[in-house]
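The structure appears right after this line, and notes come after that.
Every chain is numbered from 1 and lettered A, B, ... according to where its sequence line falls, protein lines coming before strand lines. These figures come from a predicted structure and were not determined experimentally.
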Amino acid sequence: MDYREYIVNKLNLENITAADVALPPNSQMGDYALPCFKLAKAFRKSPVAIAEELKNSFVCDEVISEVSAVNGYLNFKINKMGLVSSVLNRVLSEGDCYGSSDVGKGKTVCVEYSSVNVAKPFHIGHLSTTVIGGALYKIYKFLGYNVVGINHLGDYGTQFGKLISAYKRWGNREEVDKGGIHAINELYVRFNKEADELMEQEARNYFRLIESGDREANELFEWFKELTIDYVNTIYEKLNITFDSYAGERFYIDKMQPVIDELKEKGLLKESEGAQIVDLEPYGMPPCLVLRSDGASLYATRDLAAAIYRKNTYNFYKCLYVVAYQQNLHFKQFFKVLELMGKDWAKDLVHVAYGMVSLEDGAMSTRNGRVVWLEDVINKCVEKAYAVIDEKNSALENKRQIAETVGLGAVIFGALYNNKIKDVTFSYDKVLSFDGETSVYVQYTCARANSVLEKSGKSFALPEKYEPNAQEYEVIKQLSTFPQTIKDAAEKYEPSLIARYAVDLAQKYNKFYIDCKILSAEGETKHFRLSLTEAVHVTLKNALSLLGIGAPEKM
RNA sequence: GCACCUUUAGCUCAACUGGAUAGAGCGUUGGUCUACGGAACCAAAGGCUAGGGAUUCGAAUUCCUUAAGGUGCACCA
């Protein structure tokens, strides 16, 4: 039931829509409110008088149990018993589908995220795109969309020539087999440190060999690529991340010529300083470079080809790019170019921009070793989780596995809790904190609820009618907003809304839990409170799972 | 220089998109353990929402402006 709609329909006033219905600052005042200031002009009366009049003519019913007029606001209290039974019935019957929907039925959403570079290990700078994209993937799926997760591999460019050159110079198969991606990365770093003009030339040659199909160069490249994918997959598995496509930059090299031809045909391509560009001056942007003066393609060229390929292949309803805000201009430019090409679907491309990660002593830099590897962060978090579990609950079975769930949860949640546009300074103190607004708090609440349920023998039934107390009612109201929260998160591309929702629900449940006895309550009260506990348990699990975080039954 | 982003409690962040007394966590101080899990709960202190203007019944939120910080701006991705 949409209460805002209901209220608006019942009031039947001109120019008032559901969007005008607001929420009072606290629930003693009411559950919904209509500010009457807008009506003052049309009615030629003071808002206070209007509210008073509307109050007097309003007839309460099954749904709205009370109206009051305060300072120009018309406040509504809804029938608690009605809300209670409809919300709990819904949560309990839908279970792990609670919050899902079919609004996306028949629509496809592409999500490009994570997009690792071949031969480069994961550092914490890659965490945001990976978990934000991963969460959006799950959120859209939950809403019934067909979702295509795309890892747009960074697998094209002169750096691979450098890599091969470095490998042939200093590397060997054994070392790389043993050291994996970090060994490859070291070779690359060493090359950048020691390279002179001669070596740079050699690297360019190797890159050309890759492009021209040279067997040895390609074998090496493919080997590096495989090592990279194997390596990142171990991390994706921990983070509960999946992809449907690993089509990276190389995938599009044979798909760029038609795009260039089309640009030419449409008269969009211009020569400037030897390069081929699309002039974007009329739109207040620098030109978009499509071909270098030596004829080589650029980032934008491949992105144009990729967008067109995706439209043709998936016929997406939306295509999201989860990429840091440094590339704002790039996306604005290439979206505009597609629009100029007459692609009416250019409006369906969305750059989901997020903030940067830096370290306490400044920006990260692979070259001088100022990096924090994601594996290290994960390991430390899991270790800490294990230590805490061992201390608090050492008799627990599966301690290792639970520590994984808790530790990884903390890593993921830390990257998803704040508005994605905010820059963050990485600190171990922050990720390793398990108190307060954290995934651990949510998981703890979940385990606590589960413990009560287990002790109850799970034999309870929701009473038909129940008048909730204040704490119970707060929990119910919070439960009722979960489906809308998920829709908001999808619409705003903001998984943090779900993370915050989970913490809010956990807080409200904990308040209830402290104030109200559950197992020792009597009759209907006990049945109701157990039902409520079950509903919270399942909703918290759903919320966490949309973020890629597990919820141990015990911890 | 130009464009975009950010600025809210000591710190990290919210504020349902223009509504009532700006809320959480961390930290600080003081409480709650005869408990269904204390990884919890309660309370206190802490704010001219960076400064200034404008719009209107009403602004943290919209517009202008100043300041501080960040990012980007031609052959890297």
Side-chain angles (χ1 to χ4, degrees), chain A residues 19-20 22-26 29 33-38 40-41 46-47 70-73 75 115 117 152 154 156-159 249 272-277 284-300 302-303 323-330 332-333 353 355-356 358 363 385 388-389 391-393 406 417-419 421-425 427 429-430 433-438 440-445 447-456 481 484-485 488 492 496-497 500 503-504 506-507 510-511 513-521 529-530 533 554-555:
Chain A
D20 292 310
L23 297 182
N26 67 63
M29 301 169 100
L34 180 74
C36 299
F37 309 97
K38 267 191 182 176
K41 262 185 198 152
S46 79
V70 188
N71 298 330
Y73 287 87
N75 292 336
S115 301
N117 289 316
H152 191 71
Y156 184 85
T158 43
Q159 69 264 33
E249 295 190 84
S272 170
E273 295 171 34
Q276 295 292 318
I277 64 156
M285 285 185 270
C288 180
L289 263 79
V290 176
L291 289 176
R292 296 198 314 217
S293 40
D294 66 0
S297 65
L298 284 138
Y299 187 32
R302 293 186 281 279
D303 264 344
V323 180
Y325 69 65
Q326 271 112 321
Q327 300 195 30
N328 274 351
L329 180 60
H330 163 74
K332 266 175 80 177
Q333 287 180 308
M356 303 175 28
S358 58
V388 176
I389 292 167
E391 180 203 324
K392 303 204 183 231
N393 210 346
V406 172
Y417 192 60
N418 290 335
N419 241 310
I421 198 67
K422 302 262 183 187
D423 286 336
V424 283
T425 305
S427 94
D429 280 354
K430 246 187 279 169
S433 153
F434 291 176
D435 298 323
E437 298 168 326
T438 61
V440 183
Y441 175 75
V442 179
Q443 286 169 325
Y444 173 76
T445 308
R448 200 185 216 187
N450 182 61
S451 164
V452 176
L453 291 169
E454 279 190 0
K455 286 191 175 140
S456 77
T481 61
Q484 188 56 45
T485 302
D488 289 346
K492 293 169 192 156
S496 66
L497 293 176
R500 284 180 185 275
V503 168
D504 284 349
Q507 279 176 341
N510 279 324
K511 272 174 196 166
Y513 179 94
I514 296 294
D515 288 345
C516 307
K517 293 286 161 209
I518 303 170
L519 290 173
S520 52
R529 288 181 178 171
L530 283 167
T533 300
K554 292 189 166 80
M555 61 188 269

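Between the P atoms of B:C11 and B:U62, the separation comes to 23 Å (whole Å). Comparing B:U21 with B:G25, their P atoms sit 23 Å apart, to the nearest whole Å. On the P atoms, B:A59 is 15 Å away from B:C16, given to the nearest whole Å. Nucleotides B:G46 and B:U29 place their C1' atoms 12 Å apart, quoted to the nearest Å. To the nearest whole angstrom, the two C1' atoms, one in B:A60 and one in B:U6, are 14 Å apart. Comparing the P positions of B:U49 and B:G30 gives a spacing of 31 Å, expressed to the nearest Å.
The side chain of A:Met356 has B:G70 as its nearest neighbour among B:A15, B:G37, B:G70. Nearest to the side-chain atoms of A:Met555 among the listed nucleotides B:C41, B:A39, B:A14 stands B:A39. Out of B:C13, B:A40, B:C57, the shortest distance to the side chain of A:Asn418 is found at B:C13. Here B:C73 is the nucleotide among B:C73, B:C13, B:A39 with the atom lying nearest to any side-chain atom of A:Pro286. For A:Lys38, the listed nucleotide lying nearest its side chain is B:G19; candidates were B:G19, B:C36, B:A77.
Spacing between atom CG of A:Asp423 and atom P of B:U12 amounts to 12 Å, rounded to whole angstrom units.
The partner of B:C41 is B:G31, judged by Watson-Crick or G-U wobble contacts that both fall below 3.5 Å. Across all strands shown, B:C73 forms a Watson-Crick or G-U wobble pair with B:G1, both key distances being under 3.5 Å.
Residue-level contact check: A:Val452 touches the backbone only, with heavy atoms under 4.0 Å from sugar-phosphate atoms and none from bases. When heavy atoms are screened at a 4.0 angstrom cut-off, A:Pro287 is found touching base atoms of the nucleic acid. Backbone-only engagement by A:Ile514 is indicated by non-hydrogen atom pairs under 4.0 Å involving sugar-phosphate atoms exclusively. Contacts of A:Ala447 with the nucleic acid, taken as non-hydrogen atoms under 4.0 Å apart, include base atoms. Within the 4.0 angstrom heavy-atom criterion, only backbone atoms of the sugar-phosphate kind lie near A:Gln326; the bases stay farther away. The residue A:Cys36 sits apart from the nucleic acid: no heavy atom pair falls under 4.0 Å. At the heavy-atom level, A:Tyr441 lies under 4.0 Å from the strands shown only through sugar-phosphate atoms.
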Take nucleotides 20-34 of chain B nucleotide by nucleotide from the 5' end and write B, S or -, depending on whether a protein heavy atom sits under 4.0 Å from the base, only from the sugar-phosphate, or from neither.
B---BSS--------

What protein N or O atoms touch nucleotides 1-11 of chain B N or O atoms at under 3.5 angstrom, if any, and at what distances?
residue, atom, partner, partner atom, Å
B:U7, OP1, A:Lys422, NZ, 2.8

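Partners of A:Tyr156 according to the side chain to side chain donor-acceptor pair (under 3.5 Å) rule, which considers only residues two or more places apart in sequence or in another chain, are A:Glu211.
Classified by its glycosidic torsion, B:U17 falls in the syn category, the angle being within 90° of 0.
Side-chain atoms of A:Asn419 never come within 3.5 Å of backbone atoms of A:Ile421 as a donor-acceptor pair (strictly under, hydrogens ignored). A:Glu249 places no side-chain N or O within 3.5 Å of a backbone atom of A:His152 that could act as its donor or acceptor partner. The main-chain N or O of A:Tyr441 is found under 3.5 Å from a side-chain atom of A:Thr445 such that the two form a donor-acceptor pair.
For A:Ser272 against B:A74, a side-chain-to-base donor-acceptor contact under 3.5 Å is present.
Aromatic ring pairs are classed by plane angle as parallel below 30°, tilted from 30° to 60° and perpendicular above 60°; the pair A:Phe37 and A:Tyr73 is perpendicular.
Side chain to side chain, A:Asp423 and A:Tyr325 meet the donor-acceptor criterion of an N or O pair below 3.5 Å.
A stacking contact links A:Phe37 to B:G19: the aromatic ring centre lies within less than 5.5 Å of the base's six-membered ring centre, and the planes differ by less than 30°.
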